[in-house]
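To start, the structure under review is shown below, and the notes come after it.
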Protein chains: 2
Amino acid sequence: MTVSPTRIPEATVARLPVYLRALNSLLDSDVRSCSSEELATAAGVNSAKLRKDLSHLGSYGTRGVGYDVEYLRYQISREIGLTQDWPVVIVGIGNLGHALANYSGFSSRGFRTVALLDADDSRTGELVAGLKIRSFDELTAIVHEHGVAIGVIATPAAAAQAVADQMVSAGIRSILNFAPMVLSVPDGVDVRMVDLSSELQILAYHEQRKSTLQPDDGVVA
Amino acid sequence: MTVSPTRIPEATVARLPVYLRALNSLLDSDVRSCSSEELATAAGVNSAKLRKDLSHLGSYGTRGVGYDVEYLRYQISREIGLTQDWPVVIVGIGNLGHALANYSGFSSRGFRTVALLDADDSRTGELVAGLKIRSFDELTAIVHEHGVAIGVIATPAAAAQAVADQMVSAGIRSILNFAPMVLSVPDGVDVRMVDLSSELQILAYHEQRKSTLQPDDGVVA
DNA sequence: TAGATTGTTAATCGATTAACAATC
DNA sequence: TAGATTGTTAATCGATTAACAATC
């Protein structure tokens, strides 16, 4: 009874962060209340989809009125789990790791970077985003000390699998992978992959189609 | 007849870069030929989905034998449009822009970064990844000079919409947005959004469910 | 009450998957 | 030919959307 009564569809889960961001930006503009139409516009989706998505979480709006922005924000945060503390380690402090360590979108949403690790021990002690870079060898100790559940991999592709293996054996069950490399992990471990180049390739595909598009293309009788 | 005869489903397009990466990694290991089963494993999908996806591009395998790795790689590259040159500009050279400018996954796939722009003119002239940072004011001139079709936004959220507007008016029709901000653009302009924090939030949601999962959860009679 | 807007229903659409005929 | 594996079919599953009854 205390836990979410229903499973939330994966497509909906992926949009909850978008709604959260839209609600935050409404609050920044001192908007206290909004309709599904307004929120949908701010989030870049249509309102039917928004209402359907929210209906999976519960009934947090008022018919004829709309949604209380702060209340809905809290409910979505709670559903995602952002009301609890999430200690995170980042492994691989190159340009990208550096950017991630400084990324305010993490800290502002309940994620707390507890350690930055790099395999290159000559960088140990270097200060990045207020944290000293530590040796990768300390991973297991750090995971246990802080109860880290989420690991971020920002190493080159060649190192990523070894890092993932070490994370898993240290007890991490959720991995965010920025290395352009498919990781193999045991059942029960979640990996999400962010491939910067994939996104560019998908854009290129559509851009190419635009250029070769025939004027009478697009509709088939 | 020279252009792709069929429309490729969006879900398939999103996976083509993954297949391409898997094929590259097979080639690195001197694997010249593979079955759909092997390639699917390397790409992290099941083989039925892989074959279905490839069937949208054409018939590039041999029954009873499998796929020629190099030939298939070429066909996918061509379909995505990676056999042509894609000049790219990156706007916002903070930590993330810096990381993107140095990211080898771009240059190795037909993407050519022609300019790095930043609104902070005190940074003009600074050398990053072999390119001098230039003023944002030069955007339109650079787009025209190099025929830039794809723009990358790595600015803070507050600046992103203005950058997008400028890109659109300069003629860019494909934008990769790393700023945590929904962009509004005219019809015909493609925006893909990469939100580093969203991915972490989706992981947190699943991690949270793992912790609260009942032992007899998962199946309902 | 009248007007507005949610939450839900049901129809449609697209994606996934297993199975297998085609064929090397 | 016999064995292997693709490319396709058809069934299933999940996501999207429009419409509207419920209700503030």
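As the structure is a prediction and not an experimental result, all values here were calculated from the model. Letters go in sequence order (proteins before strands), and every chain restarts at 1.
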Going by number, which of residues 29-44 of chain A have a non-hydrogen atom under 4.0 Å from DNA chain C? A/S35, A/S36

Distance-only donor-acceptor pairs under 3.5 Å for side chains of residues 94-101 of chain A, two or more places apart:
none

In whole angstroms, the gap separating P of D/dA11 from NZ of B/K49 amounts to 21 Å

Quick check: closest heavy atoms across A/L20 and A/S77, and the distance to 0.1 Å? CD1-OG, 3.6 Å

Treating A/Q208 as the side-chain partner and B/E79 as the backbone partner, does any N or O pair qualify as donor plus acceptor under 3.5 Å? yes

Take the protein atom CG of B/N46 and the nucleotide atom C1' of C/dA15, then report the distance between them rounded to whole Å. 12 Å

Looking at A/K210 and B/G188, would you say the former's side chain and the latter's main chain have a donor-acceptor pair under 3.5 Å? yes

Rounded interatomic separation in angstrom, taking CG from A/L50 and C1' from D/dA18: 15 Å

Give the rounded distance in Å between these two atoms: NE2 of A/H56 and C1' of D/dT16. 11 Å

Tell me which nucleotide among C/dG7, C/dA15, D/dA10 gets nearest to the side chain of B/E10. C/dA15

Determine the stems involving DNA chain D; a stem requires 3 or more consecutive pairs of the Watson-Crick or G-U wobble kind, each with both distances below 3.5 Å, and the answer is none if no such run exists. C:3-24 with D:3-24

What is the distance, to the nearest angstrom, from the CG atom on B/D68 to the P atom on D/dT6? 13 Å

Which of A/Y67, A/Y74, A/Y71 passes ring pair (Phe, Tyr, Trp, His ring centres under 6.0 Å) with A/Y60? It is A/Y71

To the nearest angstrom, how far is B/L72 atom CG from D/dT6 atom P? 11 Å

If you assign B/A48 and A/R51 each to the DNA chain D nucleotide with the nearest heavy atom, which residue ends up on the more 5' nucleotide? B/A48

If you compare every side-chain N and O of A/R15 against the phosphate oxygens of D/dT16 (OP1, OP2), does one of them come in below 4.0 Å? yes

Does B/E38 reach the main-chain N or O of B/S35 with its side chain, forming a donor-acceptor pair under 3.5 Å? yes

Check for a donor-acceptor pair, side chain of B/S29 on one end and backbone N or O of B/S25 on the other, with a separation under 3.5 Å. yes

Rounded distance (Å) that lies between atom P of D/dT9 and atom NZ of B/K52: 8 Å

Counting C-beta onward and ignoring hydrogens, is there a side-chain heavy-atom pair between A/S174 and B/H206 closer than 4.5 Å? no

Scan residues 60-67 of chain A against DNA chain D and write down, sorted by residue number, each residue with any heavy atom closer than 4.0 Å; if none is found, say none. A/T62, A/R63, A/G64

Where do A/L39 and A/C34 come nearest, in terms of heavy atoms and distance? CB-SG, 3.9 Å

Return a table of donor-acceptor pairs under 3.5 angstrom between the side chains of residues 155-170 of chain B and protein atoms on other chains or two or more places apart.
| from | atom 1 | to | atom 2 | distance (Å) |
| --- | --- | --- | --- | --- |
| B/Q161 | OE1 | B/S184 | N | 2.9 |
| B/Q161 | NE2 | B/D165 | OD1 | 2.8 |
| B/Q161 | NE2 | B/S184 | O | 2.9 |
| B/S169 | OG | B/Q166 | O | 3.4 |

Please report the distance, rounded to the nearest Å, between CZ in B/R7 and C1' in C/dC13. 16 Å

Show me, pair by pair, the donor-acceptor contacts under 3.5 angstrom made by side chains of residues 81-89 of chain A, not counting sequence neighbours?
| from | atom 1 | to | atom 2 | distance (Å) |
| --- | --- | --- | --- | --- |
| A/D85 | OD1 | A/R112 | NE | 3.1 |
| A/D85 | OD2 | A/R112 | NE | 3.4 |
| A/D85 | OD2 | A/R112 | NH2 | 2.7 |
| A/W86 | NE1 | A/G81 | O | 2.8 |

